[in-house]
Amino acid sequence: MYSQVEILCVILGMALVTYVVRVIPFVGEADLEKYEFLKYIPVAMFSSLAIPDMLLHGGQISPERTIAGIIALIVAVKTKRILLTICVAVITLYVLLNFS
Amino acid sequence: MERKSWVMVALKQAMPIIIGYFSISVAFGVLATKCLGFTSVLMSAMVFAGASQFVALQMLLISAPAVIIVFMTFLINLRHILMSSYLCRFYKDQKITRRFLLAFGITDETFAISSRNLENIPDEYRFKYQITLNTSCYISWITGTLVGVCTGQVLPLTFIDTLSFILTALFLYLMVVNIKKKVDLVVALFAGLLSLAMSNVVGWNVLVATLLASYLGSKLEKRW
């Protein structure tokens with residue numbers, strides 16, 4: 001895994017890049033209208049994080065996670081409620097892993 | 001209005017965010033217990049950007065390379081540059097040190113509140129208003145993380161393992177609410193499938209899929 005030093009470097013690096021992004025417009029002029037791909041980054045990133053993690057566990061296809069993930073997607077689309085989505089997903093996974 | 005009452009206005013408007021940040025950061029602290037411990041409080045204090053902290057946590061849990069984690073943080077927080085570029089017009093005459101301070105506290109939520117209200121606030125009180133808003137949300141974020149790690153210490157580890165699916169569900173939810181039109185859906189599907197196909201190169205799959213899918217989105221947008 002990671003050493004303490006690596007973790008600290010990750011945090012420092014994260015802090016640095018985040019602050020730079022926030023402060024740049026305050027010290028100079030930044031015109032970003034032309035970089036249209038910026039607005040697709042969140043949706044692309046959330047999807048590329050969630051999809052593999054929902055289908056696989058330790059490199060193998062996990063039916064339990066897949067089912068829990070699909071149910072979470074349905075709840076999210078239908079209700080748009082964050083806590084409900086998360087609770088339903090975790091409870092479904094817990095039940096599937098422990099009672100089947 | 002006198003100076004003090006603008007502080008009260010800011011605190012009142014910050015209340016929903018303070019409560020929201022507190023509960024989200026408690027969850028962050030609990031989930032980070034195993035791989036970060038109390039270092040997660042340091043992360044909250046230095047980074048103060050929720051989505052990227054959850055992304056970093058997820059990538060730490062799958063043992064992604066450190067450089068990729070930092071680069072993903074950069075990518076996901078790039079959107080703040082748009083918020084800062086909007087807000088900075090209100091602070092053109094402020095001292096540089098004040099602008100440096102303000103910039104630190106810009107998040108989706110503080111931006112959502114202040115961008116709506118700054119026009120109605122007299123010039124000389126804007127700094128006071130914004131710094132109160134940002135700082136109160138910041139304190140809530142750090143306190144919540146601390147409470148979360150302390151809670152995580154007493155929860156059994158196996159329980160936290162199942163709870164890590166919270167992150168997956170959170171990202172699925174964020175994906176869903178960010179899909180507003182057809183291009184978004186195509187971007188999400190493309191990113192998800194590409195990341196899945198490349199899942200043996202841990203960390204890189206997320207980076208490559210995010211960049212290619214966002215680029216695809218900007219190209220499709222022009223055609224459709």
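Protein chains get the first letters and strands the later ones, always in sequence-line order, with residue 1 at the start of each. Side chains are part of it too, since the values below use all heavy atoms of this structure and drop only hydrogens, waters and symmetry mates.
- In this structure, Y91(B) places its OH atom where more than 12 heavy-atom neighbours from other residues, nucleotides or ligands lie under 6.0 Å away.
- When the candidates S84(B), A197(B), A169(B) are compared by the number of heavy-atom contacts under 4.5 Å with chain A, S84(B) comes out ahead.
- When side chains are defined from C-beta on, F46(A) counts as touching I76(B), because their heavy atoms get closer than 4.5 Å.
- S48(A) OG to M72(B) CE: the interatomic distance, rounded to the nearest 0.5 Å, is 5.5 Å.
- Annotation: the span from C35(B) atom SG to Y2(A) atom OH amounts to 8.0 Å, rounded to 0.5 Å.
- By number of non-hydrogen pairs under 4.5 angstrom with chain B, the leading residue of V75(A), I51(A), L16(A), L97(A) is I51(A).
- With a 4.5 Å cut-off on non-hydrogen atoms, M83(B) does not touch chain A at all.
- When heavy atoms are compared at a cutoff of 4.5 Å, M59(B) approaches chain A by way of both its backbone and its side chain.
- In this structure, the portion of K222(B) lying under 4.5 Å from any heavy atom of chain A is its side chain and not its backbone.
- Most heavy-atom pairs under 4.5 Å with chain B: of the set L12(A), L49(A), L8(A), V10(A), this distinction falls to L49(A).
- For the options V187(B), L60(B), L170(B), heavy-atom pairs under 4.5 Å to chain A are most numerous at L60(B).
- In this structure, CG in L56(A) is found 5.5 Å from CG in L196(B), a value given to the nearest 0.5 Å.
- Side-chain contact check for R22(A) versus I81(B): every heavy-atom pair is 4.5 Å or farther apart.
- Most heavy-atom pairs under 4.5 Å with chain A, from the set V55(B), I179(B), N200(B): that is V55(B).
- Within a 6.0 Å radius of CD1 in I96(B), other residues, nucleotides and ligands contribute more than 12 heavy atoms.
- With a 6.0 Å radius and a threshold of 12 heavy atoms from other residues, nucleotides or ligands, K181(B) has its NZ atom above the threshold.
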Task: I7(A) vs L36(B), side chain to side chain contact (heavy atoms under 4.5 Å, CB included): CA-CA, chis, key distance, verdict - done: CA-CA 8 Å; I7(A) 297 272; L36(B) 288 175; 3.5 Å; yes
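- Expressed to the nearest 0.5 Å, how far CZ of F171(B) lies from OG of S47(A) amounts to 12.0 Å.
- T39(B) and I11(A) get closest at one heavy-atom pair: CG2-CD1, 3.5 Å.
- Considering all non-hydrogen atoms of both residues, I41(A) and T210(B) come closest at O-CG2, 3.9 Å.
- At least one side-chain heavy atom of F100(B) sits less than 4.5 Å from a side-chain heavy atom of Y19(A).
- For the options L87(B), I166(B), I69(B), heavy-atom pairs under 4.5 Å to chain A are most numerous at I166(B).
- For Y86(B), the OH atom sits in a packed shell: over 12 heavy atoms of surrounding residues, nucleotides or ligands are nearer than 6.0 Å.
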TODO: Kindly determine whether M46(B) and M14(A) satisfy side chain to side chain contact (heavy atoms under 4.5 Å, CB included), including the steps that lead there.
DONE: CA-CA 8 Å; M46(B) 292 187 65; M14(A) 289 175 69; over 6 Å; no
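- Here the closest non-hydrogen pair linking L172(B) and G69(A) is CD1-O, 3.8 Å.
- Put simply, of L167(B), T168(B), N178(B), the one with the most heavy-atom pairs under 4.5 Å next to chain A is T168(B).
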TODO: List the steps and the verdict of side chain to side chain contact (heavy atoms under 4.5 Å, CB included) for S85(B) and F26(A).
DONE: CA-CA 7 Å; S85(B) 343; F26(A) 278 93; over 6 Å; no
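- Of the residues considered (I86(A), T85(A), I82(A)), I82(A) shows the highest number of contacts with chain B, using heavy-atom pairs under 4.5 Å.
- Of all heavy-atom pairs spanning A76(A) and Y173(B), the tightest one is CB-CD1, 4.1 Å.
- Residues Y40(A) and S214(B) share a closest heavy-atom pair of CB-CA, 3.7 Å.
- Of all heavy-atom pairs between D184(B) and V43(A), the closest is O-CG2, 4.2 Å.
- Of all the listed residues (V20(A), V23(A), L83(A), V88(A)), the one sharing the greatest number of non-hydrogen pairs under 4.5 Å with chain B is V23(A).
- Contact of A89(A) with chain B is made through backbone and side chain together, with heavy-atom distances under 4.5 Å.
- Of the listed residues (R89(B), Q53(B), Q58(B)), the greatest number of heavy-atom pairs within a distance under 4.5 Å of chain A belongs to Q58(B).
- Both the backbone and the side chain of I106(B) come within contact range of chain A, judged by heavy atoms closer than 4.5 Å.
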